[in-house]
Amino acid sequence: MTHTPTVYVTREIPEVGLETLRERYEVVVRTEKLPPDQAEVRARLRKLDADGLVCLLSDDVDGDVLDASPDLSVVSTFSVGYDHIDLAAAAERGIAVGHTPGVLTETTADLTWALLLSCARRTVEAHAYVEAGEWEVWGPTLLTGADVHGSTLGIVGLGKIGTAVARRTAGFGMDVVYTGPNRKPGREAELGDVGVDATYVDRDRLLVDSDVVSLHVPLTQATEEWIGEAELRRMDDDAILLNTSRGGVVDTDALDTALERGWIGRAGLDVTDPEPLPAEHPLLRHAPERLVVTPHVGSASVGTRDRMAEMAAANVEAGIEGRELPHSALRDAGLK
Ligand code: DGY
């Protein structure tokens with residue numbers, strides 16, 4: 001009798017991905033809303049003798065998890081980010097790791113712009129004002145915000161998402177500066193083709209010159225708390241900080257102080273540290289006047305999430321069949 005491989009899925013993902021997996025494998029989907037802890041994942045993998053694991057960015061996958069099932073050949077994360085997975089440990093054990101790059105670029109750039117416009121034009125605050133019944137009369141200075149057109153956008157990390165965010169400035173007549181470890185002539189050319197002139201500057205120049213600073217770097221040792229007190233103090237006191245990358249790129253306490261003391265104007269966050277951000281977290285006292293927070297929904301369009309599920313399933317299939325993954329995190333991280 002041939003063995004049907006087993007795949008453990010730590011949370012429900014869009015049906016289109018699960019259907020593909022069910023056609024070939026025994027698929028066990030954990031249906032609880034909250035993520036499992038590591039002990040539960042280890043126990044389930046062990047008990048199922050799982051061949052594949054589909055995880056989310058809220059699952060911490062370390063060496064012990066990878067060792068839980070001797071048959072485990074692939075970990076497939078339903079995310080582009082893989083900072084929650086110990087890639088070196090996976091590479092050592094010969095376990096393939098898949099992720100979902102590229103597909104969420106434009107969707108995340110759209111959400112970044114939603115936060116940008118919300119912060120600049122105070123739309124969330126305005127909505128709360130109307131809802132609270134405070135709209136009694138048209139006012140000459142009522143809820144005045146900042147112009148987006150003609151302002152300067154500073155992109156930290158001109159990768160795929162950073163470039164997609166910058167490309168959208170074409171309709172707003174904005175100046176674009178960017179920073180990162182290296183100049184990116186290819187990205188500059190790509191933006192030049194749509195009439196966006198992106199200038200490479202150092203970190204200090206970007207912080208000083210930008211009306212909006214938008215973060216698009218992965219979370220690594222080099223980018224952890226990239227925005228701290230010193231950086232926030234360098235920014236303009238009207239400037240907007242946007243984070244749609246990873247919460248750990250910003251020092252939350254420093255941001256709290258910056259909003260309190262008026263070192264910057266506003267912040268729009270789709271990712272936070274801690275994440276999820278508890279309703280009683282002190283940072284939320286700045287909302288909605290100085291802060292807009294969304295619950296890590298950068299890639300949350302129906303089409304993109306379906307596509308992510310398909311990619312996650314394709315990575316599992318390749319891993320179990322011993323083929324090169326179509327979207328290998330080990331390859332993309334230079335570990336293979
Ligand atoms: C990712 O995929 O890494 C995003 O943060 C969520 O879609």
Side-chain angles (χ1 to χ4, degrees), residues 9-18 33-35 53-62 74-87 90 96-116 155-165 214-224 226-227 241-250 252 267-277 292-316 325-333 335:
V9 185
T10 60
R11 306 257 297 286
E12 279 175 297
I13 63 169
E15 197 48 38
V16 62
L18 295 176
K33 182 178 172 199
L34 296 179
L53 168 67
V54 176
C55 66
L56 306 193
L57 48 81
S58 42
D59 300 312
D60 198 1
V61 179
D62 65 5
V74 60
V75 173
S76 173
T77 184
F78 181 79
S79 63
V80 62
Y82 42 69
D83 48 277
H84 54 295
I85 301 174
D86 186 338
L87 291 189
V97 181
H99 69 142
T100 62
V103 63
L104 47 71
T105 301
E106 299 299 329
T107 305
T108 306
D110 287 347
L111 193 273
T112 307
W113 269 83
L115 289 174
L116 194 168
I155 298 278
V156 180
L158 196 67
K160 285 190 188 127
I161 299 176
T163 303
V165 170
S214 194
L215 305 173
H216 302 287
V217 287
L219 180 62
T220 63
Q221 275 178 357
T223 61
E224 196 172 351
W226 197 94
I227 292 281
L241 175 69
L242 303 175
N243 191 8
T244 53
S245 60
R246 284 291 183 263
V249 176
V250 175
T252 303
L269 310 176
D270 184 49
V271 289
T272 57
D273 179 22
E275 188 172 309
L277 193 68
V292 176
V293 185
T294 49
H296 204 147
V297 290
S299 63
S301 72
V302 176
T304 292
R305 289 285 167 88
D306 280 354
R307 184 75 190 106
M308 287 169 72
E310 287 167 355
M311 289 168 84
N315 281 330
V316 170
L325 303 200
H327 311 286
S328 164
L330 296 179
R331 192 175 58 226
D332 291 348
L335 289 174

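In this text the structure is predicted, and so the values were computed from the model without any measurement. Indexing begins at 1, ligand by ligand and atom by atom, following the structure's order.
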What pairs with Ser79 under side-chain contact (heavy atoms from CB on, under 4.5 Å), at least two apart in sequence or on another chain?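 side-chain contact (heavy atoms from CB on, under 4.5 Å) list for Ser79, sorted by chain: Leu57, Thr77, His84.
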So which pairs with a foot in residues 295-304 pass salt bridge (charged side-chain N to carboxylate O under 4.0 Å, His left out), sequence neighbours left out? none
Which residues satisfy the side-chain hydrogen bond (donor to acceptor under 3.5 Å, both in side chains) test with Thr294, sequence neighbours excluded?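 For Thr294 the side-chain hydrogen bond (donor to acceptor under 3.5 Å, both in side chains) partners, ignoring immediate neighbours, are Asp270.
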Side chain to side chain contact (heavy atoms under 4.5 Å, CB included) partner of Val249, chosen from Val271, Val156, Leu219: Leu219
Distances under 3.5 Å, N/O of ligand 1 against N/O of the protein: list each pair and its distance.
unit_1   : atom_1 : unit_2 : atom_2 : d
ligand 1 : 2 (O)  : Val80  : N      : 2.6
ligand 1 : 3 (O)  : Val80  : N      : 3.3
ligand 1 : 3 (O)  : Gly81  : N      : 2.8
ligand 1 : 3 (O)  : Arg246 : NH2    : 2.7
ligand 1 : 5 (O)  : Arg246 : NH1    : 2.7
ligand 1 : 5 (O)  : His296 : NE2    : 2.7
ligand 1 : 7 (O)  : Ser299 : OG     : 2.6

For Pro14 against Ala309, the heavy-atom pair lying closest together: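 Heavy atoms of Pro14 and Ala309 come nearest at O-CB, 3.8 Å.
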Tell me if a side-chain donor or acceptor on Asp59 pairs with a main-chain N or O of Leu56 at a distance below 3.5 Å.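 Yes; judged by distance alone, with no hydrogens or angles, the pair exists.
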